[in-house]
Amino acid sequence: MLMKSDTPMTPSTPDEDIGTPVSVKIRERVKAARQRFHSNDNIAEFIQPGELDLLLDEVAEKMKGVLEAMVIDTENDHNTGDTARRVAKMYIKEVFNGRYVKGPAVTEFPNAEHLNELMIVGPITVRSACSHHFCPVIGRIWIGVMPNEHTNVIGLSKYARLAEWIMGRPQIQEEAVVQLADLIQEKTQPDGLAIVMEASHYCMAWRGVKDMDSKMINSVMRGVFLKDPNLRREFLSLIPR
């Protein structure tokens, strides 16, 4: 996952702004900070106020070119006249918003009661898209936390918010679950963390082999969940699947 850079952004001068696409400006900032910008990375710190709307305009214009290349008469077809902008808005402001906005605010509280019992949150419905075909990935996540007296406690809804932020990018399921585990581990510092994700992939259901029933299930086990098979079995047995 993209880490925060200590390199400050240098605003472009007015002369540099003329004729330069906003995507180029953002990309140059990321490269100057020597950070990567893969499809499932967050690049919010490199986007200046107002640029997200300009980026949406740029994507809409290029999406219009895609429709033209597909020989779709968007000028006379009442169904596709505004499709390019709708698709651009969907990508930038909705399904891939997790790339372009900062993470949700998460208030952390001390574990005042020294809770040390297994806690499970889920199923959390998650929506993403595969980075191979940009087809939907729809599924559920269960999160198991084994706190200790030093663990930070966060609200239940925040687990869903963090999952939504991570999944709101072009992803592959295996990497998405690891990114989410890293983020929750950083926020809460528990003795153990377990995540299971089950999802349908429409790159397999809508195209390709067109198998509507197949699902992918994967898990990440950290700390005591990895070391203690009894705890791991307890967590898995309590997941209502």
Side-chain angles (χ1 to χ4, degrees), residues 1-3 21-24 26-27 30-31 34-47 52 55-56 58-72 74 80 83-101 103 122-143 160-184 195-221 241:
M1 181 167 58
L2 183 65
M3 303 302 292
V22 67
S23 63
V24 173
I26 296 169
R27 185 181 294 108
V30 179
K31 287 184 175 180
R34 297 184 178 179
Q35 298 294 307
R36 73 177 206 180
F37 49 103
H38 291 183
S39 64
N40 61 356
D41 287 326
N42 178 273
I43 58 172
E45 65 174 300
F46 301 102
I47 300 175
L52 201 57
L55 187 63
L56 193 157
E58 183 181 336
V59 173
E61 187 63 29
K62 292 184 177 179
M63 184 56 64
K64 183 179 178 181
V66 171
L67 296 175
E68 290 174 353
M70 295 172 67
V71 199
I72 297 176
T74 57
T80 58
T83 294
R85 185 159 192 87
R86 283 193 294 262
V87 172
K89 183 179 179 181
M90 176 187 70
Y91 283 153
I92 300 297
K93 294 293 184 76
E94 298 178 300
V95 295
F96 297 153
N97 195 235
R99 294 198 76 233
Y100 305 110
V101 299
I124 298 169
T125 300
V126 290
R127 302 163 187 86
S128 189
C130 77
S131 49
H132 297 156
H133 296 95
F134 278 18
C135 288
V137 176
I138 310 293
R140 301 180 295 173
I141 282 180
W142 292 265
I143 300 169
R161 294 292 186 192
L162 293 173
E164 181 183 35
W165 185 61
I166 291 293
M167 296 297 165
R169 313 166 191 181
Q171 288 279 16
I172 63 170
Q173 185 171 331
E174 305 93 303
E175 293 179 358
V177 173
V178 172
Q179 282 189 334
L180 181 59
D182 289 344
L183 184 59
I184 295 175
I195 299 178
V196 170
M197 179 173 174
E198 174 189 78
S200 297
H201 291 245
Y202 284 77
C203 57
M204 186 174 178
W206 187 33
R207 58 162 298 281
V209 297
K210 298 181 180 178
D211 186 338
M212 295 295 295
D213 296 324
S214 293
K215 297 182 185 295
M216 179 177 179
I217 303 172
N218 67 321
S219 67
V220 171
M221 302 288 169
R241 291 187 53 248

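These numbers were taken from a predicted model, which means no experiment stands behind them.
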A.B. asks: For Thr74, enumerate each residue passing the side-chain hydrogen bond (donor to acceptor under 3.5 Å, both in side chains) test, keeping only those at least two apart in sequence or located in another chain.
C.D. replies: none
A.B. asks: Any side-chain heavy atom of Val178 within less than 4.5 Å of one from Glu175?
C.D. replies: no
A.B. asks: Determine whether Arg169 and Gln179 satisfy the following criterion, side chain to side chain contact (heavy atoms under 4.5 Å, CB included), listing intermediate values before the conclusion.
C.D. replies: CA-CA 11 Å; Arg169 313 166 191 181; Gln179 282 189 334; 3.8 Å; yes
A.B. asks: Apply side chain to side chain contact (heavy atoms under 4.5 Å, CB included) to the pair Trp206 and His133, showing each step before the final yes or no.
C.D. replies: CA-CA 11 Å; Trp206 187 33; His133 296 95; over 6 Å; no
A.B. asks: Using 4.0 Å as the upper bound for N to carboxylate O, is an ion pair formed by Lys64 and Glu61?
C.D. replies: no
A.B. asks: Please determine whether side chain to side chain contact (heavy atoms under 4.5 Å, CB included) holds for the pair His132 and Cys203, giving the CA-CA distance in whole Å, both sets of side-chain angles, and the decisive distance to 0.1 Å.
C.D. replies: CA-CA 8 Å; His132 297 156; Cys203 57; over 6 Å; no
A.B. asks: Atom CZ of Arg140 and atom CD1 of Ile124: how far apart are they, to the nearest 0.5 Å?
C.D. replies: 12.0 Å
A.B. asks: Do you know the tightest heavy-atom contact between Ile166 and Ala176?
C.D. replies: CG2-O, 3.7 Å
A.B. asks: Can you name the nearest heavy-atom pair linking Glu174 to Asn218, along with the distance?
C.D. replies: CA-ND2, 3.5 Å
A.B. asks: How would you list, by chain and number, every residue that makes a side-chain hydrogen bond (donor to acceptor under 3.5 Å, both in side chains) with His38, sequence neighbours excluded?
C.D. replies: Arg36
A.B. asks: Is there side-chain contact between Arg27 and Ile43, with at least one heavy-atom pair below 4.5 Å?
C.D. replies: no
A.B. asks: Please report whether the ring centroid of Tyr91 lies less than 6.0 Å from that of Phe134.
C.D. replies: yes
A.B. asks: Among Leu162, Ile141, Asn40, which residue satisfies the side chain to side chain contact (heavy atoms under 4.5 Å, CB included) criterion with Met167?
C.D. replies: Ile141
A.B. asks: CH2/Trp142 to CD/Glu198 distance, rounded to the nearest 0.5 angstrom?
C.D. replies: 5.0 Å
A.B. asks: Could you tell me which non-hydrogen atom of Ala44 sits nearest to which non-hydrogen atom of Asn42, and how far apart they are?
C.D. replies: N-OD1, 3.1 Å
A.B. asks: If you look at every heavy atom in Val126 and Ala163, which pair is closest and at what distance?
C.D. replies: CG1-CB, 4.1 Å
A.B. asks: Distance from Ile195 atom CD1 to Ile184 atom CD1, nearest 0.5 Å?
C.D. replies: 4.5 Å
A.B. asks: How close do Ala60 and Ala84 get, heavy atom to heavy atom, and via which atoms?
C.D. replies: O-CB, 3.4 Å
A.B. asks: Count the heavy atoms of every other residue, nucleotide or ligand shown that sit under 6.0 Å from OH of Tyr202, and state whether that count exceeds 12.
C.D. replies: no
A.B. asks: Please round to the nearest 0.5 Å and tell me the distance separating atom CZ of Arg86 and atom OG1 of Thr83.
C.D. replies: 4.0 Å
A.B. asks: What I'd like to find out is whether the side chain of Val87 reaches to under 4.5 Å of the side chain of Val66, using heavy atoms alone.
C.D. replies: no
A.B. asks: Using the rule side chain to side chain contact (heavy atoms under 4.5 Å, CB included), only one of Ile47, Ile26, Leu56 pairs with Tyr100; which is it?
C.D. replies: Ile47
A.B. asks: State the CD-OG1 distance between Glu68 and Thr80, to the nearest 0.5 angstrom.
C.D. replies: 10.5 Å
A.B. asks: Can you tell if the side chain of Gln173 reaches within under 4.5 Å of the side chain of His201, non-hydrogen atoms only?
C.D. replies: yes
A.B. asks: Tell me yes or no: between the side chains of Gln171 and Ser128, is some donor less than 3.5 Å from an acceptor?
C.D. replies: no
A.B. asks: Working to the nearest 0.5 angstrom, can you tell me the gap between Cys135 SG and Met204 CE?
C.D. replies: 13.0 Å
A.B. asks: For Glu164 and Asn97, what are the C-alpha separation, side-chain angles and deciding distance, and is it a side chain to side chain contact (heavy atoms under 4.5 Å, CB included)?
C.D. replies: CA-CA 10 Å; Glu164 181 183 35; Asn97 195 235; over 6 Å; no
A.B. asks: Ignoring hydrogens and geometry, is there a side-chain-to-backbone donor-acceptor pair from Arg127 to Pro136 under 3.5 Å?
C.D. replies: no
